[in-house]
Every structure is written in C-alpha cells, then in structure tokens.
Amino acid sequence: MPMPAAPGARLAGKVVLVAGAGASAAGWSIGKASCVTLARQGAAIIALDSSLAAAEDAAHEVEQAGGSALPVQADVADPDAMQAAVDAAMRRYGRIDALQANAGIGQVGGPEDISLPDWDRIQQVNVTSLLIALRLLAPLMRQQGGGSVVTVSSVAGIRYTGYPHLAYSVSKAAVIHFARMTAQQYAADGIRVNTVIPGLIDTPRVARNVARMFDADDLQAARAARDRQVPMGRMGTPWEVANAVAFLMSDEASYITGTELLVDGGLTGKYA
C-alpha cells in the first residue's frame with residue numbers, strides 16, 4: 001500500500017533508533033512502516049534488526065523516501081551486540097534522540113505447552129532488551145538534555161485475546177510496566193517513556209500465523225475473521241501504529257510520559 005502523506009516534519013533533526021525495524025516477510029511491518037514514517041517526519045533512522053537483510057530493506061525504504069538510514073544487525077537481547085550497534089550509530093550521527101523498542105517474538109501456548117527455554121527467550125527479547133537498551137541510551141539522552149522512548153506492547157498485554165499466548169502476553173504486560181517505572185525515574189532528566197499498544201494489525205505476520213489460528217486455509221477468510229473481531233470492522237495498518245509512535249516522539253507530546261496510547265479500533269473496550 002502507498003505511504004500516507006506526512007503532516008509535517010515534527011522530528012526534524014532527530015536521530016531515532018528503531019529496534020525491530022524489519023519485516024518477517026514481504027510487506028509492511030510496524031517496524032518498517034515506522035522507519036519510513038519517522039523519516040518522513042524528518043528523523044534520521046538507525047534501522048536495527050536481528051536480520052541484516054531486513055534491516056537493509058527498511059533502510060532502503062527510508063532512503064527511497066528521501067531520508068537517511070543506517071542498517072544495523074543486532075540481537076536486542078545481546079548486550080555486546082547492542083553496544084556495538086549504539087557505537088556505530090554514534091559514529092554515523094553523533095547522537096540518538098529517540099528509541100522505538102519494537103522488537104518482539106511470541107509462541108502460542110499455555111503453561112503446559114511452552115518450554116522453559118522458549119519462555120526465557122521470549123522474555124529476553126521482549127523485556128530484557130528494554131533494560132539493555134535503556135542502560136545504553138539513557139546516559140546519552142541525559143547528556144543531550146533529554147530524549148524519548150516509545151515501547152511497543154500489545155492488547156495481549158492487557159486482556160485475553162481469544163487463544164492462549166501466555167509467554168507473549170506476560171512479556172507485553174511487563175513492557176507496559178517497564179515503561180511506567182522508567183518514565184518516573186527519568187522524567188527529571190527530560191527523557192519521556194511511553195507505550196503504544198496496537199490491537200489487531202494487518203502485517204506480514206498475519207499471512208504466516210493468522211490462518212493457522214483460525215483453522216482457515218484461505219488467508220482472506222482468516223483476515224475477514226480478524227476484521228470482524230474489531231468494533232471498527234477492520235484490522236489496523238502498520239502506518240496507523242507508526243503515526244502514534246511519531247506523535248509520542250515529537251515535541252507535540254512534550255508533557256506526556258509514563259502512559260499508554262491504544263491503537264486498536266476499539267478492541268480493548270469491547271465486551272465480547
């Protein structure tokens with residue numbers, strides 16, 4: 001789908017690290033759409049992903065949109081890899097003004113299904129990665145006079161979504177509380193920390209997983225079933241999540257910290 005027009009360069013002169021910048025398959029993920037949206041708002045982008053090809057793809061899209069991007073490969077749960085990524089970003093741009101903590105993994109299953117190694121890995125990628133990133137970036141942002149962190153959670157972190165997704169759901173609940181706690185700690189330093197909570201978003205992951213969840217061989221039928229779950233009658237787009245991220249990073253949100261912005265088409269407030 002085409003990129004929507006940006007309303008203005010609200011992030012002009014900023015450097016943003018997008019962790020989880022790539023897409024798992026062809027198409028637009030939240031991370032990839034965010035890279036382009038933030039660049040269209042004036043930011044230089046550090047496109048970080050565990051896959052170098054995915055990072056390079058996101059960076060290419062930024063450059064095609066007229067922006068500047070540095071692709072970086074790193075496992076967000078690896079402190080040494082993240083240190084190297086931050087060092088490379090600082091060599092290229094000399095500063096990092098904002099972080100979008102978008103990387104996340106999951107596995108369907110309840111307490112009797114998930115293995116302990118899988119549980120641990122999901123928590124490391126989805127939650128421990130935030131600790132690693134903040135330990136690296138908070139001192140830099142403090143020295144620069146402030147910054148913004150936007151974590152990406154999920155409606156699965158605040159409610160049951162109709163199927164067992166325990167490890168992912170628990171990790172996404174932790175993401176929300178991590179942001180709330182660190183927002184308090186860093187408020188006096190001018191570092192704002194907020195969370196975007198997407199609902200059902202139509203991303204490449206849908207093609208890979210959703211049909212299986214709905215026991216549907218027809219991907220369009222599976223998409224239609226997901227659409228019907230949402231009060232607005234459709235899944236959201238990655239661009240709609242990216243726009244929320246851009247707002248929270250911008251000076252327009254300068255008095256907003258320690259809170260959550262739902263981007264869910266009304267799903268969270270739905271009774272049944």
Side-chain angles (χ1 to χ4, degrees), residues 15-25 29-35 38 43 45-59 62 69-93 96-107 117-141 147-154 156-157 167-179 181-182 186 191 193-198 203-205 238 241-242 245 248-249:
V15 178
V16 179
L17 193 163
V18 179
S24 60
S29 65
I30 291 173
K32 188 172 165 183
S34 294
C35 286
L38 299 172
I45 305 298
I46 304 142
L48 185 150
D49 201 272
S50 60
S51 162
L52 180 58
E56 290 175 338
D57 177 50
V62 168
L70 172 68
V72 179
Q73 180 181 21
D75 178 348
V76 292
D78 182 337
D80 293 335
M82 288 300 293
Q83 179 70 71
V86 169
D87 289 346
M90 292 298 287
R91 287 193 298 271
R92 172 74 172 267
Y93 294 114
I96 299 174
D97 299 284
L99 165 69
Q100 179 180 349
N102 183 69
I105 59 173
Q107 182 173 320
D118 286 342
W119 173 277
D120 289 342
R121 178 60 179 167
I122 290 167
Q123 306 311 312
Q124 288 164 4
V125 171
N126 296 4
V127 185
T128 306
S129 62
L130 302 178
L131 175 66
I132 293 168
L134 264 291
R135 287 169 70 97
L136 292 169
L137 296 179
L140 297 177
M141 291 180 178
S148 175
V149 175
V150 179
T151 66
V152 179
S153 181
S154 165
Y168 178 80
S169 298
V170 169
S171 73
K172 288 302 185 178
V175 166
I176 295 169
H177 206 57
F178 183 97
M181 297 300 98
T182 51
Y186 293 118
I191 301 171
V193 189
N194 293 292
T195 300
V196 167
I197 303 180
T203 70
R205 194 179 299 272
V241 180
V245 172
L248 287 174
M249 283 186 181

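The first residue in the sequence is number 1, and the count goes up from there. Side-chain atoms are counted along with the backbone in the values below, which use heavy atoms only and exclude waters and symmetry mates.
Here the straight-line distance linking atom OG1 of T128 with atom CD of Q123 works out to 7.5 Å at 0.5 Å rounding. One finds the CD1 atom of I30 at 8.5 Å from the OG atom of S154 (value rounded to the nearest 0.5 Å). I96 CD1 to I46 CD1: the interatomic distance, rounded to the nearest 0.5 Å, is 4.5 Å. Distance check: L99 CG to L136 CG gives 10.0 Å after rounding to the nearest 0.5 Å. If you take CD1 on I176 and CD1 on I197, they are separated by 3.5 Å, rounding to the nearest 0.5 Å. Atom CD1 of I191 sits about 9.5 Å away from atom CG of L140, to the nearest 0.5 Å.
Residue pairs satisfying the salt bridge (Lys or Arg N to Asp or Glu O under 4.0 Å) criterion with at least one member in residues 117-134, sequence neighbours excluded, are listed as follows: D75-R121. Evaluation of the salt bridge (Lys or Arg N to Asp or Glu O under 4.0 Å) test over residues 76-90, restricted to residues two or more places apart or in two chains, returns none.
Pairing each heavy atom of M141 with each of S148, the nearest pair is CE-O, 3.7 Å. Here the shortest heavy-atom pairing between A74 and A81 reads CB-O, 3.9 Å. Of all the heavy atoms in Y186 and L134, the pair that sits closest is CE1-CD1, 3.9 Å. Between S153 and P198 the shortest heavy-atom distance is O-CD, 3.2 Å. Across P238 and A33, no two heavy atoms sit closer than the pair CB-CB, 3.7 Å. Pairing each heavy atom of A98 with each of M249, the nearest pair is CB-SD, 3.8 Å.
Panel note: side chain D49, backbone Q73; no donor-acceptor pair is recorded below 3.5 Å. Distance alone, capped at 3.5 Å, is enough to place a donor-acceptor pair between the K172 side chain and the V152 backbone. Side-chain N or O atoms of E56 include none that pairs as donor or acceptor with a backbone N or O of L70 at under 3.5 Å. Remark: side-chain polar atoms of D97 are not paired, donor with acceptor, to backbone N or O of G147 under 3.5 angstrom. A donor-acceptor pair under 3.5 Å is formed between the side chain of S29 and the backbone N or O of G22.
The only option from T182, N126, N102, T195 that meets the side-chain hydrogen bond (donor to acceptor under 3.5 Å, both in side chains) definition with T151 turns out to be T195.
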For a side chain to side chain contact (heavy atoms under 4.5 Å, CB included) check, start with the C-alpha distance between I132 and V76, then their side-chain angles and the critical distance, and finish with the verdict. CA-CA 8 Å; I132 293 168; V76 292; over 6 Å; no
May I have the step-by-step check of side chain to side chain contact (heavy atoms under 4.5 Å, CB included) for L48 and V18, ending in yes or no? CA-CA 6 Å; L48 185 150; V18 179; over 6 Å; no
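In summary, the side chains of S34 and Q100 do present a donor paired with an acceptor at a separation below 3.5 Å, with no hydrogens or angles considered.
Within a 6.0 Å sphere centred on CZ of R135, other residues, nucleotides and ligands contribute 12 heavy atoms or fewer.
The side-chain heavy atoms of N194 and V149, taken from C-beta on, include no pair separated by under 4.5 Å. Side-chain atoms of V193 and F178, non-hydrogen and from C-beta on, never get closer than 4.5 Å to each other.
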